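Working notes, structure below.
Quantities reported herein were computed from a predicted structural model and do not represent experimental measurements. In listed order, ligands and their atoms are each counted from 1. Keep in mind that the numbers below use all heavy atoms, side chains included, and drop hydrogens, waters and symmetry copies.
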Amino acid sequence: MRMKDTRLIDAAEALDLLGCDGADFFALMARAGAVRQKHKGNRVVLCGILNAKSGRCSEDCSFCAQSAHHSTDAPIHPLVSAERMVERAREVQTMGAREFSIVTSGETIRGENEMREICEALTRLRDAGAPWRCVSLGNLSEDQIARLRDAGLNNLHHNLETARSFFPKVCSTHEYDRDVQTVRTAKSLGLKVCCGGIFGLGESPAQRVELAMTLRELEVDSIPLNFLNPIPGTPLQGRHDLTPIDCLKIIAVYRLLMPDRDIYVCGGREVNLRDMQSWIFMAGANGMMIGNYLTTSGRDHALDLRMIQDAGMEVMPRGDAP
Ligand code: SF4
């Protein structure tokens with residue numbers, strides 16, 4: 001068999017590949033799948049989340065159902081108890097998830113009570129042997145991240161959402177640099193960082209590459225790729241920019257730009273990829289979210305486990321090192 005092309009690509013080639021079609025698209029899938037196989041084998045890491053505090057966010061992210069600037073049907077509730085966080089970790093574990101993240105709405109967490117509750121959950125998860133203990137709490141100071149780390153955190157999730165050049169069209173209530181700083185601080189404190197974005201907001205192909213180059217420069221450890229599920233009541237309601245092929249090309253180009261990173265397909269998978277969901281592994285993904293998303297339902301996890309098996313992949317066992 002001919003040697004597969006597993007070269008690292010640059011931004012210009014990435015942009016070119018995002019525009020491919022026909023036979024070139026199938027060649028891209030084969031190439032990205034080979035790179036995924038080389039660096040990650042055929043194992044799929046599953047991640048489950050808890051919407052631990054929902055709604056009433058001060059920020060105005062155009063895609064988000066939880067912004068107080070938009071009128072949506074998203075649930076609104078204060079921070080749940082540490083007990084509920086630990087319970088949800090067990091639930092996603094039974095679905096096959098190795099990773100678990102506590103996610104809160106808001107630009108940051110507020111007050112000592114929230115911090116104490118989250119730290120208690122992290123410590124309980126660590127003591128119970130949960131391998132990956134992740135939070136997504138918005139922007140955090142060095143002191144806050146250090147405290148979470150000392151309580152048991154080993155992975156911080158914080159998306160940049162989109163390219164710097166497009167961010168002002170997505171969010172006007174905080175600066176891109178504040179998000180970048182949170183990522184840099186978490187890395188400097190020795191945490192693994194999960195950081196990606198969402199596509200289909202109106203960004204250009206060049207801006208999709210721009211985000212990838214920023215993530216590569218930041219040396220983030222894992223990259224969650226989300227595809228817009230346009231929620232009624234948000235400014236992006238009714239927007240459907242992406243085809244399943246577009247999504248697969250984005251996954252593939254991110255794999256070729258960051259060959260040895262963990263690439264997860266997260267929100268909007270079912271809505272945007274539809275019958276092509278199982279192609280995400282050929283396109284280069286080695287992880288995906290399982291169970292419900294923050295404000296929308298995921299599909300039955302049994303369907304996802306069957307899909308993984310049918311695609312010739314296997315779920316990463318919970319105890320295995322990353
Ligand atoms: S994405 Fe996060 S920061 Fe932006 S509105 Fe939603 S909850 Fe708030």
Side-chain angles (χ1 to χ4, degrees), residues 47 49-80 85 88 101-111 114-115 117-118 134-141 144-145 148 155-164 166-186 193-203 207 211 214-215 220 223-237 239 264-269 271-272 289 292-298:
C47 171
I49 60 171
L50 168 68
N51 186 355
K53 183 175 80 167
S54 188
R56 291 210 181 100
C57 179
S58 60
E59 305 307 287
D60 66 353
C61 305
S62 59
F63 57 86
C64 183
Q66 300 197 65
S67 168
H69 298 256
H70 319 321
S71 179
T72 73
D73 291 335
I76 296 174
H77 61 76
L79 189 72
V80 302
M85 296 175 201
R88 178 63 182 161
S101 189
I102 299 164
V103 186
T104 58
S105 66
E107 204 272 329
T108 185
I109 54 170
R110 301 270 172 225
E114 290 191 352
M115 178 60 103
E117 205 70 25
I118 293 165
C134 176
V135 297
S136 182
L137 309 176
N139 284 307
L140 298 168
S141 68
Q144 286 173 314
I145 296 174
L148 291 159
N155 192 74
L156 185 92
H157 170 268
H158 189 70
N159 279 343
L160 295 185
E161 309 300 6
T162 192
R164 179 186 289 276
F166 191 65
F167 190 74
K169 294 224 162 48
V170 174
C171 177
S172 70
T173 44
H174 70 268
E175 298 292 322
Y176 200 73
D177 277 331
R178 186 155 156 76
D179 296 311
V180 171
Q181 188 55 49
T182 294
V183 170
R184 287 195 199 282
T185 304
V193 172
C194 180
C195 175
I198 177 165
F199 302 91
L201 310 180
E203 77 284 351
Q207 286 165 328
L211 171 62
T214 302
L215 298 172
V220 301
I223 301 127
L225 304 179
N226 300 274
F227 303 104
L228 179 68
N229 180 0
I231 304 292
T234 65
L236 297 183
Q237 72 173 23
R239 184 163 201 130
Y264 294 78
V265 174
C266 298
R269 166 166 55 91
V271 172
N272 286 280
M289 192 170 281
N292 290 338
Y293 303 107
L294 286 175
T295 64
T296 57
S297 299

Is there a donor in the side chain of Asn155 and an acceptor in the side chain of His157, or the other way round, less than 3.5 Å apart?
->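 There is no such pair (donor and acceptor under 3.5 Å, judged by atom type) between the side chains of Asn155 and His157.
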Checklist entry - Looking just at side-chain N and O atoms, do Asn229 and Asn272 make a donor-acceptor pair shorter than 3.5 Å? => result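 Looking only at side-chain atoms, Asn272 and Asn229 do not form any donor-acceptor pair under 3.5 Å.
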If a pair satisfies salt bridge (charged side-chain N to carboxylate O under 4.0 Å, His left out) and one of its residues is in residues 58-76, list it, with sequence neighbours excluded.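 Output for this query is empty, none listed.
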What do the steps show when you test Phe167 against His174 for side chain to side chain contact (heavy atoms under 4.5 Å, CB included), and what is the final call?
CA-CA 10 Å; Phe167 190 74; His174 70 268; 3.6 Å; yes
- Item | side-chain hydrogen bond (donor to acceptor under 3.5 Å, both in side chains) partners of Arg239, counting only residues at least two apart |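 Testing Arg239 for side-chain hydrogen bond (donor to acceptor under 3.5 Å, both in side chains), a comparison that skips the adjacent residues, returns Asp241.
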Specify whether the nearest protein heavy atom to atom 2 (Fe) of ligand 1 is under 4.0 angstrom away.
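Within 4.0 Å of atom 2 (Fe) of ligand 1, no protein heavy atoms are found.
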ask   = Looking only at heavy atoms of Gly138, does any of them come nearer than 4.0 Å to an atom of ligand 1?
value =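 Heavy atoms of Gly138 never come under 4.0 Å of ligand 1.
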Partners of Phe166 by ring pair (Phe, Tyr, Trp, His ring centres under 6.0 Å), sequence neighbours excluded?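 By the ring pair (Phe, Tyr, Trp, His ring centres under 6.0 Å) rule, Phe166 matches no residue at all.
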Residue and atom, protein N/O/S, under 2.8 Å of atom 6 (Fe) of ligand 1: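 Protein N/O/S atoms under 2.8 Å of atom 6 (Fe) of ligand 1: Cys64 SG.
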Main-chain N/O of Gly196 paired to Asn159 side chain as donor or acceptor, under 3.5 Å =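 Answer holds: yes.
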